[in-house]
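Structure first, commentary second.
A quick note: this is a predicted structure, and the numbers were derived from the prediction, not measured. Chain A is the first sequence line, chain B the second, and so forth, proteins listed ahead of strands; every chain is numbered from 1.
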There are 2 protein chains.
Amino acid sequence: MADVAKLAGVAISTVSRALANPGRVNEKTRVKIEAAAKTLGYTPNAMARNLRVGKSNIIMIILPGSLHYGASQIIPQVLQSINQSLIQNGYHLMIANLDRDETSERHILNLAFGGTVRGAIILSSELPEVGGKSLADAGLPIVSLLLDMSGAELPSVVTNDRGAVKEAAEALIALGHKRFFYIAGPGDNYHDIERFGGLAEAFEEAGLDPNAIVRSGGVLSYQFGFETGKQAVEDFAELENRPTAAIAASDDMAISFMSGVQALGVRIPEDLSVVSFDGSPVCEYCHPPLSTIEQPVEEMGRAAVATLLRRMEGAGDREPLRQTVPSRLIRRQSIGAPPSE
Amino acid sequence: MADVAKLAGVAISTVSRALANPGRVNEKTRVKIEAAAKTLGYTPNAMARNLRVGKSNIIMIILPGSLHYGASQIIPQVLQSINQSLIQNGYHLMIANLDRDETSERHILNLAFGGTVRGAIILSSELPEVGGKSLADAGLPIVSLLLDMSGAELPSVVTNDRGAVKEAAEALIALGHKRFFYIAGPGDNYHDIERFGGLAEAFEEAGLDPNAIVRSGGVLSYQFGFETGKQAVEDFAELENRPTAAIAASDDMAISFMSGVQALGVRIPEDLSVVSFDGSPVCEYCHPPLSTIEQPVEEMGRAAVATLLRRMEGAGDREPLRQTVPSRLIRRQSIGAPPSE
DNA sequence: TTGTATGCGTTATCAT
DNA sequence: ATGATAACGCATACAA
């Protein structure tokens, strides 16, 4: 910067203003300074600037466990959407992986308490914490995405897990289905509680017997969806009076489940209708094309960034803590009427 | 830091040493200082530190276009692997998207020239450049991943695209296949040149007529693999003397292709064998289970980080510019003998 | 509108 | 082994 100032024949502070705060400097000198900066190939040092203003322009996204599931693209799609929104606003995205071990949690806390990041978007239900120090104490704006953490005072951007599954279940019930098979994610997980809850509500409102819902899974995390689906095949095979409709908590589960039950001779949709959650693009090319509830991942990513930016500016305190962006059911050939008795 | 020093009864510089460079301080005072730091909940400011030492501990990964393809998980898997390796070595990962517009390129150059990042891993064949300033001039260690850029003096970590496809083709030729259908990615792309080259080599060495290879695709980028596969279905349907084996440059292409030709009544593998490239987990649950060439993404990610770290330390100059990690063919039911004439 | 001077929170140099 | 102090590159308060 000193070199630029010398070449332009002005003081360092004028260069600083011209580059960081144009408008507060005479147009003529600004042009002169920018020319000097260009010929010298000068780029301001971001770390010095951030140190001085006491703020970073880096946002971190905290991802639980794996970045990749079986065939689902929701994590990468969310990453893409968030990164794009951030860049448009002059911010950058850093990845933080929350593997639930002390090393990774400590790394995240260092990023927060050490001032590297300015805000965080979290996709986990638990905030990193080590040695009594929690991310919540870092004084960092945090937004929860996909999971509703509004109960913990965290602004949350979610989809209507419950309502969307309920709608799908209602559509199946309207076709005549009365016995359901539900393939679950980890039982204590927000998503699973909501999604199963949607199915249960649809049953109740239709006056159906809730005992006619057979649950499978409930053990493995979402990133092991294929395994969950394979185990569900075994559970399904043992049933006496087989359900005629299956709802899976993720596309991965449904994909391996379909493959497995078809090998058993079950026809889809003639014997069994299948619907799942996520909206993975590959569902269109499944055999048969798989009906799925598409999550508005891009929109949710944008909304999360917008909320975070507002919080970072000190605004947004009087907004509702939870924003819901609706999912929609994509009907494909995996859905049909139940077989006649 | 001043507070910690006061509480511990030592000078600021001693605190700095104790925390950043233990071993260069008396054990007893170190313990005292760490206790003080803990009670105060002190975390060193990363930006001040980086400014002072003139180095950041952030690495950026430059991704071309989309972060998500159809069903392939290679980008997220690579991200995961790289992030994990970096964290183990005390570095952090920042995402940079190269959308080939000036805004995104300028962002990347600012990250590099502004000192925000210390090194870069790039998954694109073109280095960002704007206004005559190129990433190559930033004095930043760069490693190319997946693409062989050793010709441009960039250390590269790649897989044996050519050899792996050649092996797969040889296996098909050994089964009796003589007429092939090749579904291509963008024609000027390194991957496609290599992969198609592998098929051509196998043909040549087997003494088969290279005119018996029908090419489709070659237009859309890899992220539109499903579309490429769908268009390939149309091309395939028009053929007089249909090939008995298809090789696709990506799993996405093969997945939509299989779905489409099956709708036309083509049986796999009885009428047509199919193999593709990527090793997406979902291939196992395709109909029929899809043979695919699995890329060693995790290993490549680790290797890229290791190479980058060596370059950052000024070492690695005398290493070979290209590292190759082999892919392997996973044989599944989509491969069979050709129909008898 | 521009220049001067100070400090952001560290680490490194030098002296003790 | 430790302490005092300068400097990293920038933005801003204040003066001109």
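- As a whole-Å value, the separation of Lys32(B) NZ from dA1(D) P is 14 Å.
- In this structure, Lys133(B) does not pair ionically with Glu129(B), as no charged nitrogen and carboxylate oxygen lie closer than 4.0 Å.
- More than 12 heavy atoms of other residues, nucleotides or ligands sit less than 6.0 Å from atom CZ of Arg100(A).
- The two atoms that bring Tyr42(A) and Pro44(A) nearest to each other are OH-CA, 3.4 Å, heavy atoms only.
- Considering every non-hydrogen atom in both Ser144(A) and Met149(A), the closest pair reads OG-CG, 3.1 Å.
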(request) For nucleotides 8-16 of chain D, just jot down a letter per nucleotide in 5' to 3' order: B, S or -, based on protein non-hydrogen atoms under 4.0 Å. (result) BBBBBB---
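- A salt bridge does not link Arg302(A) with Glu299(A): none of the charged nitrogens is closer than 4.0 Å to a carboxylate oxygen.
- Residues Val78(B) and Ile61(B) share a closest heavy-atom pair of CG1-CD1, 4.4 Å.
- What you find for Pro155(A) and Ile142(A) is that their closest heavy atoms are CD-O, 3.4 Å.
- Panel note: side chain Ser81(B), backbone Gln77(B); no donor-acceptor pair is recorded below 3.5 Å.
- With a heavy-atom cut-off of 4.0 Å to chain A, the contacted part of DNA chain C has its first and last nucleotide at dT1(C) to dG9(C).
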